[in-house]
Amino acid sequence: MQEENIVTAITALTKGRYRIEIDGEPGFVLYRGELHTYGLKEGERISEKDLEEILSELLPKRAKLRSMNLLKSRAYTEHQIREKLRQGFYPETVIDEALEYIKSFHYIDDRRYVKDYIVYHCESRSRGRIEQDLCRKGIGRDLIRVVYEEDLEEELPDETVLIKKLLQKKNYDRDHADYQERQKMGAFLYRKGFSLEKIEKIL
């Protein structure tokens, strides 16, 4: 019978951190002192007790602290926190536990994040551009639609009014603008995510 829980690789990362590979599979990251505490060496077996302690106590605590430290500086989506923890080589089970923990205290709330993001950017970007930005942050289109239609239906400016305000800030004069200026303003508005139909109509 093949022996299990063999430390097949210990790879040095940075700042005294080491990536531990168990049975040929990427396992987790430990610090130098923890390597000595658990007596881990390549080619040797890690005991079931030590492995359980690392996966159910040490790493979940560290992942929760890492998540909360990230959230001290700015808001993150669930997807963004998950990706940050993956970059730290935390196992998926540990990541799931950390996310459930911070969600239980409402440290992350994707619906609130989407609402705040829309309100903050609604005066300078189109709905289409905002949706693209949020999707890149890992937010699903269904949630974005729900926030627009249920939470913010009556709070957001009309896009036609918004385009006119942006042109006013750029000192655009519709009656005296030449072809080059219209092209320049059109490109500016298109980058903001407004449709060509609306841009052409207002320009």
Smallest separation among heavy atoms of [X] and [Y], with atom names:
| X | Y | value |
| --- | --- | --- |
| D133 | R125 | OD2-NH1, 2.8 Å |
| I10 | L40 | CD1-O, 3.7 Å |
| I81 | S67 | CG2-OG, 3.7 Å |
| E4 | R45 | O-NE, 3.2 Å |
| V94 | L55 | CG2-O, 3.7 Å |
| P26 | R19 | CB-NH2, 3.2 Å |

Nearest 0.5 Å, please: how far is [atom2] in [Y] from [atom1] in [X]?
| X | Y | atom1 | atom2 | answer |
| --- | --- | --- | --- | --- |
| I46 | E44 | CD1 | CD | 11.5 Å |
| N69 | R62 | CG | CZ | 12.5 Å |
| L85 | L99 | CG | CG | 6.5 Å |
| Q183 | D178 | CD | CG | 10.0 Å |
| E83 | Y76 | CD | OH | 12.5 Å |
| I130 | I118 | CD1 | CD1 | 6.0 Å |

Is NZ or CZ of [X] both nearer than 6.0 Å to the six-membered ring centre of [Y] and within 45° of the ring axis?
| X | Y | value |
| --- | --- | --- |
| R127 | Y148 | yes |
| K170 | F188 | yes |
| R86 | Y90 | no |

Can you list the residues that meet the side chain to side chain contact (heavy atoms under 4.5 Å, CB included) rule with [X], with sequence neighbours excluded?
| X | result |
| --- | --- |
| R111 | D109, L143, V146, V147, E150, D151 |
| Q168 | none |
| L65 | K61, M68 |
| S126 | R129, E159, F194 |

Could you tell me whether the side chain of [Y] reaches within less than 4.5 Å of the side chain of [X], counting heavy atoms only?
| X | Y | value |
| --- | --- | --- |
| R32 | H36 | yes |
| I20 | L35 | yes |
| L152 | K115 | yes |

Whether [Y] and [X] form a salt bridge (side-chain N of Lys/Arg under 4.0 Å from carboxylate O of Asp/Glu) is what I want to check.
| X | Y | result |
| --- | --- | --- |
| E131 | R136 | no |
| E92 | R82 | yes |
| K103 | E100 | yes |
| K49 | E52 | no |

Are [X] and [Y] connected in the hydrophobic side-chain network, where two residues link if heavy atoms are under 4.5 Å apart?
| X | Y | answer |
| --- | --- | --- |
| L30 | I22 | yes |
| I102 | V114 | no |
| V7 | L59 | yes |
| I6 | Y18 | no |

D23 side chain to N5 backbone, donor-acceptor under 3.5 Å: yes
Can you check whether E21's main-chain N or O pairs, donor with acceptor, with T8's side chain at less than 3.5 Å? yes
If you group Ile, Leu, Val, Met, Phe, Trp and Tyr whenever their side-chain heavy atoms sit less than 4.5 Å apart, what else falls in with F89? L13, V29
Salt bridge (Lys or Arg N to Asp or Glu O under 4.0 Å) between K137 and E78, intermediate numbers included: CA-CA 9 Å; K137 295 176 182 292; E78 179 177 342; over 6 Å; no
Just wondering, are more than 12 heavy atoms of other shown residues or ligands nearer than 6.0 Å to CD in E57? yes
Please list all pairs meeting ring pair (Phe, Tyr, Trp, His ring centres under 6.0 Å) that have one or both residues in residues 102-138, counting only residues at least two apart or in different chains. Y101-F105, F105-Y107, Y117-H121
